[in-house]
Amino acid sequence: MNSHEHIEDDLPLYAMGNLGQSDRQRVEDHLAECSECRRELLQLRGDLALVGLSAMGPAPQVRARQRLLTAISQEPRATTQPKAARWWTLVPSALAFALLIASFVLWQQNDAMRQNLAVLHTQIDRNRADAERARQILSVMTAPDAVRVTLVAANTRPQPQGKVIYSARSGSLVFLANNFASVPPGKAYELWLLPSNGGSPIPAGTFNPDAGGNASVLMPPLPKDTVAKAFAITVEPESGSTTPTMPILLSGGA
Amino acid sequence: MKRIFLASTQPEHGLPDAVVISRICSGDESAMAVLYDRYSRVVYSVALRVLADTGAAEDVLQDVFVQLWRNPAAFDAARGGLMAWLAVITRHRAIDHLRKQRPHEDFSETIIATDATTVSDAERDQALQKVRTIMARMPDDQRSALEMAFFDGLTHTEIAGKTNQPLGTVKTRIRSGLLTLRKAFAA
């Protein structure tokens, strides 16, 4: 009686939990030996889900939503750890489905990749928005027609002024200069980072002011995690120096 | 066409199920609200179809979502779609309720293999509409036997007694109905 054909017709009832104990045992005995029926059982469970989805009823009352949200707010926070499984109940299912899982690997991967792709698209959109914002800021700072105006007290002669924005953690630096006099041919201003640990000054980029006395240094190569004590500016050969040449023209503590 | 799910202008309502589940895993109650808005009608419809009692169906609805909150990792996106998984979980819970049994099945033990994996509200609506159309066009004897087994939790003997049909005929009709549904849904 345990022939394949007999069992096939019992599988849907088994999947629904509608068989009596003896019939259930008979099906499970057969499943233990028949990979084709194990595969079919997995498929039948998917078919049964579709039957469930055919149920068409009204939406639950609005109060049910609040009831749920109130209930979960009083529950311990969910965790990512799966609930401890009763291992002895997992043994037969693990054995029964081990081979079936392999058969569905491609299908599973496709679905998982689809979900992951959607997540990645969300992240890409967010990164793209961030990058666009950064690009807009940089484009303003570096635009040839950008006007840089330093406001000082009335009747005060404009003085050379530099502003450094520096992040030690990422080694990122932005420097903006105003009211700088031009330097002789073959020379350039050079910005220096003076480390707080007393180490040698680190070159942080050279610059030549434009006709308006303005200049900028954006994201020069700097080591990460170097805490700055101060910044300073000297005049150096146009190609830059590895150590500052005195005198220091401007400086500021970090 | 009347929309089955609540439409929303909030961006998080467009997030894939796997993302919402991961937020629930980290204890995000608002993610639970998103999932409820997305699937409460499906869950409630299944529970109400089984129990034919709004109060009991609401209890099962509550139970299914609270269980998901307690153990979101029970759902494995790699194994199938959340909507299909919830439909089966809800049916089992409702049948247990009907039989006045303690819930016998751990959520994490339910494995679903189905193509009914959806990402957007529109896809979900489309899948539901397709299933309902297929069921409506199924031969009456197949659909009736299938629904008595699935929604009423009747054994083949009980169905045979109600329909005055041989046991073998009942079993064959149930299986034939499922194969019809599988083939038509995949088409």
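Labels below follow one simple rule: chain letters A, B, ... track the order of the sequence lines, proteins then strands, and each chain is numbered from 1.
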### Query
Salt bridge or not for D59(B) and R67(A), using N-O below 4.0 Å?
yes

### Query
Do N18(A) and F150(B) touch side chain to side chain, with heavy atoms closer than 4.5 Å?
no

### Task
Looking only at non-hydrogen atoms, find the nearest pair between G17(A) and R99(B) and report the distance.
O-NH1, 3.6 Å

### Query
Would you find a donor on one side and an acceptor on the other, under 3.5 Å apart, between the side chain of R41(B) and the backbone of G57(A)?
yes

### Message
Looking only at heavy atoms and a cut-off of under 4.5 Å, which of P58(A), A71(A), P12(A) has the most pairs with chain B?
### Response
P58(A)

### Summary
Output for pair (L11(A) CG, I174(B) CD1), nearest 0.5 Å, gives 12.0 Å

### Query
Checking salt bridge (Lys or Arg N to Asp or Glu O under 4.0 Å) against K171(B), which of D23(A), D9(A), D10(A) comes through?
D10(A)

### Summary
In terms of heavy-atom contacts, A55(A) and S45(B) come closest through O-CB, 3.5 Å

### Query
Quick one: CG on L154(B) to CG on L13(A), what's the gap to the nearest 0.5 Å?
10.5 Å

### Task
Supply the atom-to-atom distance I72(A) CD1 to W69(B) CH2, rounded to the nearest 0.5 angstrom.
4.5 Å

#### Entry: Contacting region of L178(B) [heavy-atom separation from chain A under 4.5 Å]
both

### Query
Is there a side-chain contact between R182(B) and L50(A) (heavy atoms, below 4.5 Å)?
no

### Query
Which value, rounded to the nearest 0.5 Å, describes the distance between S54(A) atom OG and F185(B) atom CZ?
11.5 Å

#### Entry: Note, L53(A) side chain near M83(B) side chain (heavy atom, < 4.5 Å)
yes

### Query
Within a strict 4.5 Å, meaning less than it, do heavy atoms of the M135(B) and M56(A) side chains meet?
no

### Query
Would you say the side chain of L19(A) lies within less than 4.5 Å of the side chain of H156(B), judging by non-hydrogen atoms?
yes

### Query
Do side-chain atoms of R91(B) reach the backbone of M16(A) as a donor and acceptor pair under 3.5 angstrom?
yes

### Message
Nearest 0.5 angstrom please: E8(A) CD to R175(B) CZ, how far?
### Response
4.0 Å

### Message
Within the 4.5 Å heavy-atom criterion, are R65(A) and D37(B) side-chain neighbours or not?
### Response
yes

### Atom group of I134(B) that falls short of 4.5 Å from chain A, counting heavy atoms
neither

### Task
Find the one option among E29(B), K130(B), E158(B) whose heavy-atom pairs under 4.5 Å with chain A are most numerous.
E29(B)

### Task
Identify which part of Y36(B) has an atom lying under 4.5 Å from any heavy atom of chain A, answering side chain, backbone, both or neither.
side chain

